[in-house]
Amino acid sequence: MDDKAKKALIEEAKHAQEVAQDVALSGAYIYPFKGIIYFAYHKDLWRPLLSQVGRISTLGLSVTGTMFFFTYVPQVAIMSFTSGPFAPISAALLILSESSTITNFLSRSFLLEEALTDTFDGTLVARGHESLVAEGRQIKPKAGRDAIARLGKMVKRPLAQLKPQALLHTLILLPLNFIPVVGTALYAYAQGKKLGPVAHTRYFQLKGWGEKQKDAWVEKNRGAYTGLGIASFILEMIPFASIAFSFTNTVGAALWAADLEAARR
């Protein structure tokens, strides 16, 4: 049994090393940070976010207040077994993370779908890929450098939505963050591997790819999508800023799609 356990650990370590190497070599993890810079310098891309600020703020405050009211005392009691005298602080940090996750999920599911799609499409238009965006929506005649103003009526709407099971899975894994370094790394990897391909849902739709073609492409570029997902997810873990990073991450994903299209040409 000892030999089997050692062999399993060696194989797992080797697999983790291969994944880390693929992620590092892909360079896709840089795009969420490119998205922040690009978003900052292109004010026309701010409009979809600004149009939703009031609704998002109300939702975030409501979720956070409700979570503290109903779950703070029980979580302090649970955390007292693992954090001792620091349980009140640990519980507060955990609730902020939980509230951020729930707010992000509800916002993406019910408030932000169209705004995020506009941001993705607008970034592609700004990068000169109008023909690709035209596969999913009408494009208005050129009017200055305002990419969002050129977006017309959608003829293809995003197909993928976050599922309740995904929210539950995320909340169950949240306590991993209290294991120093290793726990946070495992948490980010588990979420990033799942969320990376979701960032290009609109791209796959505009390309007209079916499930088999999409799955084959994602598997071929698994390291890149995992890296993109990890970097994006880490940014969206930051309380009170997660929604803003959802938009900059969307810009980053669109920038990668634009570079992929440029490489194909």
Side-chain angles (χ1 to χ4, degrees), residues 12-39 93-94 96-109 112 116 119-120 123 158 160-204 214-239 241-257 259-260:
E12 190 62 30
K14 185 177 179 181
H15 175 68
Q17 184 179 9
E18 291 174 351
V19 170
Q21 186 176 6
D22 287 344
V23 169
L25 292 175
S26 72
Y29 56 85
I30 296 174
Y31 280 96
F33 303 101
K34 285 185 176 181
I36 295 173
I37 298 171
Y38 197 88
F39 186 81
L93 292 174
L94 184 58
L96 287 175
S97 294
E98 292 167 345
S99 300
S100 178
T101 300
I102 293 171
T103 300
N104 206 333
F105 174 83
L106 293 176
S107 297
R108 282 178 172 271
S109 298
L112 299 182
L116 289 171
T119 302
F120 191 94
T123 303
Q161 292 184 333
L162 295 176
K163 299 178 181 179
Q165 297 93 317
L167 174 62
L168 180 62
H169 182 260
T170 299
L171 293 175
I172 289 174
L173 292 178
L174 261 176
L176 278 174
N177 288 289
F178 291 97
I179 302 174
V181 184
V182 175
T184 301
L186 288 173
Y187 180 65
Y189 170 73
Q191 297 301 319
K193 183 179 180 181
K194 179 180 62 178
L195 294 177
V198 175
H200 266 180
T201 297
R202 179 60 169 174
Y203 177 52
F204 300 144
K214 181 194 73 174
D215 291 344
W217 170 260
V218 169
E219 190 58 37
K220 180 182 177 182
N221 297 277
R222 174 59 64 185
Y225 280 104
T226 300
L228 177 74
I230 290 174
S232 298
F233 185 74
I234 288 174
L235 290 172
E236 291 184 26
M237 282 176 65
I238 300 174
S242 61
I243 298 299
F245 283 125
S246 294
F247 281 84
T248 60
N249 286 339
T250 299
V251 172
L255 291 176
W256 185 26
D259 286 346
L260 289 172

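This chain uses plain numbering: 1 for the first residue, then up along the sequence.
- Taken from CZ in Arg202 to OG1 in Thr123, the straight-line distance is 12.0 Å, to the nearest 0.5 Å.
- With values rounded to the nearest 0.5 angstrom, Ser242 atom OG is found 11.5 Å from Ile102 atom CD1.
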Quiz: residues 227-234 side-chain donor-acceptor pairs under 3.5 angstrom, not counting sequence neighbours:
residue, atom, partner, partner atom, Å
Ser232, OG, Leu228, O, 2.8

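- For the pair Leu112 and Phe247, the minimum side-chain heavy-atom distance is below 4.5 Å.
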TODO: Evaluate the criterion side chain to side chain contact (heavy atoms under 4.5 Å, CB included) for residue pair Met237 and Ser100; output intermediate values, then yes/no.
DONE: CA-CA 7 Å; Met237 282 176 65; Ser100 178; over 6 Å; no
Task: Worked check of side chain to side chain contact (heavy atoms under 4.5 Å, CB included) between Trp217 and Leu260 - done: CA-CA 12 Å; Trp217 170 260; Leu260 289 172; 4.0 Å; yes
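- The minimum heavy-atom distance linking Pro197 with Val218 is given by the pair CG-CG1, 3.6 Å.
- Taking CD1 of Ile37 as the start and CD1 of Ile30 as the end, the distance is 10.5 Å to the nearest 0.5 Å.
- No donor-acceptor pair under 3.5 Å is formed between the side chain of Ser107 and the backbone N or O of Asn104.
- To the nearest 0.5 angstrom, Glu98 atom CD is 11.0 Å from Leu93 atom CG.
- Applying the side chain to side chain contact (heavy atoms under 4.5 Å, CB included) criterion to Ile238, with sequence neighbours excluded, gives Ala241, Phe245.
- For the atom pair NE2 of His200 and OH of Tyr225, the computed distance is 5.0 Å after rounding to the nearest 0.5 Å.
- At a threshold of 4.5 Å between non-hydrogen side-chain atoms, the residues Val198 and Arg108 do not count as touching.
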Open item on the list: For Asn249 and Leu235: C-alpha separation, side-chain torsions, deciding distance, then whether side chain to side chain contact (heavy atoms under 4.5 Å, CB included) applies.
Closed with: CA-CA 8 Å; Asn249 286 339; Leu235 290 172; 3.5 Å; yes
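- Residues satisfying the salt bridge (charged side-chain N to carboxylate O under 4.0 Å, His left out) criterion with Asp259, sequence neighbours excluded, are Arg127.
- Atom NZ of Lys214 and atom CZ of Phe204 lie 7.0 Å apart (nearest 0.5 Å).
- Here the shortest heavy-atom pairing between Ala199 and Phe120 reads O-CE1, 3.9 Å.
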